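What follows is a short report on a single structure.
Order of the sequence lines sets the chain letters (A, B, ...), proteins ahead of strands, with each chain counted from 1. Note that this is a predicted model, so its numbers are computed, not measured.
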Protein chains: 2
Amino acid sequence: MQKYEAAAKLFRILGEPMRLAILDMLSCGELCACDILERLTISQSTLSHHMRVLQQAGIVMARKDATWVYYTINPKIVPDLHNILDDIILPKKNCICEGVKLEDNK
Amino acid sequence: MQKYEAAAKLFRILGEPMRLAILDMLSCGELCACDILERLTISQSTLSHHMRVLQQAGIVMARKDATWVYYTINPKIVPDLHNILDDIILPKKNCICEGVKLEDNK
DNA sequence: AATAAATATTGACATGTATCGATGAATGTT
DNA sequence: AACATTCATCGATACATGTCAATATTTATT
């Protein structure tokens with residue numbers, strides 16, 4: 001299972017409407033937290049939580065300037081996500097469907 | 001927010017290691033529930049739960065034959081998922097980053 | 001009809017996490 | 001030095017859901 005946990009974690013992070021809204025906003029380019037907060041109906045602490053999650057997952061990058069923090073989407077994450085999805089869902093060589101039993105610690 | 005809920009739901013469903021393992025197994029082709037169960041260390045009821053979730057989301061399709069149920073990945077879901085991701089994370093026209101405020105009921 | 005096998009459903013429980021208000025920390029301004 | 005602004009952290013709460021055992025349902029077999 002361990003094999004799938006990293007991928008699952010990424011998908012789980014994308015599995016929240018608020019975070020998708022934030023990523024949609026960032027898709028055009030850099031925004032500071034206050035810009036994002038202005039367009040959402042969530043508390044500042046909730047936004048801060050989401051930005052931390054997105055950052056730690058490597059989905060967004062942060063740049064601090066004085067009291068502001070500016071966020072951008074990590075461009076590398078886009079092909080990464082596509083590849084992660086394809087590696088699981090598309091036919092491939094040495095696939096687990098060929099027979100091995102999966103234990104919880106694998 | 002409603003705008004992102006469908007996409008978030010799909011990602012959330014992909015956000016479980018067990019379901020990714022199941023999809024990985026199905027990536028080569030059709031398997032029945034008992035085949036999948038044989039290679040995982042989860043209970044039968046848990047597997048049944050996951051298959052129902054994957055089915056209702058349109059990610060896998062089910063075919064019943066006597067007492068067996070055979071599952072396949074819905075091939076349409078693959079490009080769909082890529083498009084959903086790109087529609088959010090890549091730059092685009094008429095993007096919400098251009099200014100509108102998002103209410104919870106949107 | 002009785003039994004067996006494959007899958008679904010139900011109810012209970014534990015865990016994870018989104019959310020908030022309150023507060024703290026860092027930086028800039030007066 | 002005092003204050004304001006921006007963001008982070010903490011503690012509490014509510015809700016969603018993964019998991020299981022037990023049971024039901026469906027179909028085939030004897």
Is A:N74 reaching over with its side chain to a backbone N or O of A:I59, donor-acceptor style, under 3.5 angstrom?
no
What is the separation between atom CE on A:M51 and atom C1' on D:dT9, rounded to the nearest whole Å?
17 Å
To the nearest angstrom, how far is A:M18 atom CE from C:dT17 atom C1'?
15 Å
Rounded to whole angstroms, how far apart are CD1 on A:I22 and P on C:dA18?
11 Å
Whole-Å distance, A:L37 CG to D:dA8 P, equals 11 Å
Short side-chain N/O contact to D:dC20 OP1/OP2 from B:H49, under 4.0 Å
no
Okay, side chain of A:R19, backbone of A:H50: is any donor-acceptor separation there less than 3.5 Å?
no
Find out whether B:T72 and B:R63 are in side-chain contact, i.e. whether some heavy atom of one side chain is under 4.5 Å from a heavy atom of the other.
no
side-chain contact (heavy atoms from CB on, under 4.5 Å) assessment of A:M25 paired with A:R39
CA-CA 9 Å; A:M25 283 183 200; A:R39 305 182 194 174; 3.6 Å; yes
Figure out the CD1/C1' separation between A:I36 and D:dT6, and round it to whole Å.
13 Å
Give the minimum heavy-atom separation between A:V69 and A:A62, together with the two atoms involved.
CG1-CB, 3.9 Å
Do B:S48 and B:S45 have a side chain donor and acceptor closer than 3.5 Å?
no
Closest heavy-atom pair, B:L90 versus A:S27, reported as atoms and distance to 0.1 Å, is O-CB, 3.6 Å
Protein-nucleotides 22-25 of chain C N/O pairs under 3.5 Å:
none

For the residue pair B:L26 and B:Y71, what are the closest heavy atoms and their distance?
CD2-O, 3.3 Å
Looking at C:dT19, I'd like to know if its phosphate oxygens (OP1 or OP2) sit under 4.0 Å from a side-chain N or O belonging to A:H50.
yes
Atom pair distance, as rounded to whole Å: CD in B:E16 and P in D:dT19
6 Å
Under-4.0 Å side-chain N/O to phosphate OP1/OP2 contact, A:T46 with C:dT19
no
Sugar-phosphate, base or nothing in reach of A:Y71, heavy atoms under 4.0 Å:
sugar-phosphate
Which atom names give the shortest non-hydrogen contact between B:A57 and B:I13, and what distance separates them?
CB-CD1, 3.4 Å
D:dG18, OP1 or OP2 - any side-chain N/O from B:R19 closer than 4.0 Å?
yes
Salt bridge or not for A:K92 and B:D24, using N-O below 4.0 Å?
yes
Of D:dG18, C:dA8, C:dT19, the nucleotide closest to the side chain of B:S48 is C:dA8
Spacing of B:F11 atom CZ relative to D:dA16 atom C1', expressed in whole Å:
19 Å
Where the side chain of A:R12 is defined as all heavy atoms beyond and including C-beta, which of C:dA18, C:dT17, D:dG18 is the nearest nucleotide?
C:dT17
Please list, in numerical order, the residues of residues 56-69 of chain A that have a heavy atom closer than 4.0 Å to any atom of DNA chain C.
A:A66, A:T67
For B:Y4 and C:dA18, give me the distance from atom OH to atom C1', rounded to whole Å.
18 Å
